[in-house]
Amino acid sequence: MKQQLENIRQQALSALDSASSPEALEELRVRLLGKKGELTTVLKQMGKLSPEERPVMGQLANSVRAAIEEKLEQRKADIHAAVLEAKLKAEAVDVTIPGEAVALGHQHPMNMVLQEIKDIFIGMGYQVIDGPEVELASYNFTRLNIEEGHPSRDRSDTFYFTDDDSVLLRTQTSPMQIRAMENTQPPICILAPGRVYRKDEADATHSPMFHQIEGLVVAENVTMGDLKGALITMIRRLYRDDAVIRFRPHHFPFTEPSCETDMRCHKCHGTGEVDGQVCSTCHGEGWIEILGAGMVHPDVLRGCGIDPEKYSGFAFGIGLERMAMSRLRINDLRLIFDNDIRFLNQF
Ligand code: PHE
């Protein structure tokens, strides 16, 4: 029996040493120490021993069991550590690898130019205001001195909502002049950018939806010189002196006198020709109209409750797309609305 026990100890310890997984260990534990295990089977034969031998064998059996149990625990710990280490190695994350950069977009080129123009006018003391695109005909036309039957009121030019032509998509930002003046006494100094709509075919310089920036200054002793000063300051700051403009007499029903301002075409540099062809950006004109302006008509002031004997004012309406085209050297207005990433990425 002594030999049997020693064999069990030896074989058990070497089997445990070569077991390499928690499952293999558990299998060994059952085979060695379980109710039907090898050790138990030997101990069942204790009854056959003499009373002198019994305690000696009992002690030996206990030490064999203790040795196996100890080895079992030790191997359990070893294997657990090995499994953990393998797992850590397999799942290792290198926190020093640089992250993947998120692709950030940027402002639309037209909004970049709008922001520049706003900044320039804010620097001159203007307050930026916002107003409705769905407008009353009375604000868009009537109170701006544009009487019934005027060609610009024609259904072929204007998007109307109602059969009586009283509600429309504003065709200009000038109704913001009325909205600014009807509730406020001078001094008034506002800038009102926004979308406007006309039934235009799209070409290199036209689109049925475009943007204007309305400006209005009303106070005592405001003159045409102040108007030219404000516009020239804006152009100089925006183009850093790199622009040629001209003021040309014009007519608007709501300003008197009135003018239009042109910029020399950035594509053909005023010649009207590119490579022997008519310049497509300015249609051969050599100039691009960028804004309309003038001194606010006395009737318009009076209609808003402002005394034209005491106050005078100027107003202007800038075409934002045309400004953006010359500021960023874009040759075709449609590019601004196409949303082609290859175009947008250039700015
Ligand atoms: N609203 C005019 C247009 O759309 C421009 C303008 C604005 C003219 C202000 C005079 C004063 O053409």
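Each residue takes its place number in the sequence, starting with 1. Start at 1 and go down the list; that is how both ligands and their atoms are numbered. Predicted model, so just to flag it, every value in this text is computed and none were measured.
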Any chance you could pull the hydrophobic cluster mates of Val196, using side-chain heavy atoms under 4.5 angstrom and chaining through other members? Phe210

Is any NZ, NE, NH1 or NH2 atom of the basic residue among Glu69 and Arg65 found under 4.0 Å from an Asp or Glu carboxylate oxygen of the other? yes

Amino acids in close contact with ligand 1, where any non-hydrogen atom sits under 4.0 angstrom away: Gln172, Ser174, Gln177, Arg198, Gln212, Glu214, Phe252, Phe254, Thr255, Gly292, Ala293, Ala315, Phe316, Gly317

Should Glu116 and Arg237 count as an ion pair when the cut-off is N to O under 4.0 Å? no

Do any pairs count as a side-chain hydrogen bond (donor to acceptor under 3.5 Å, both in side chains) and have a residue in residues 306-323, sequence neighbours left out, and if so which ones? His211-Glu321

Charged N to carboxylate O below 4.0 Å: is that the case for Arg143 and Glu182? yes

Hydrophobic side-chain clustering at under 4.5 Å (ILVMFWY, transitive links): who's grouped with Val95? Put none if nobody. Val93

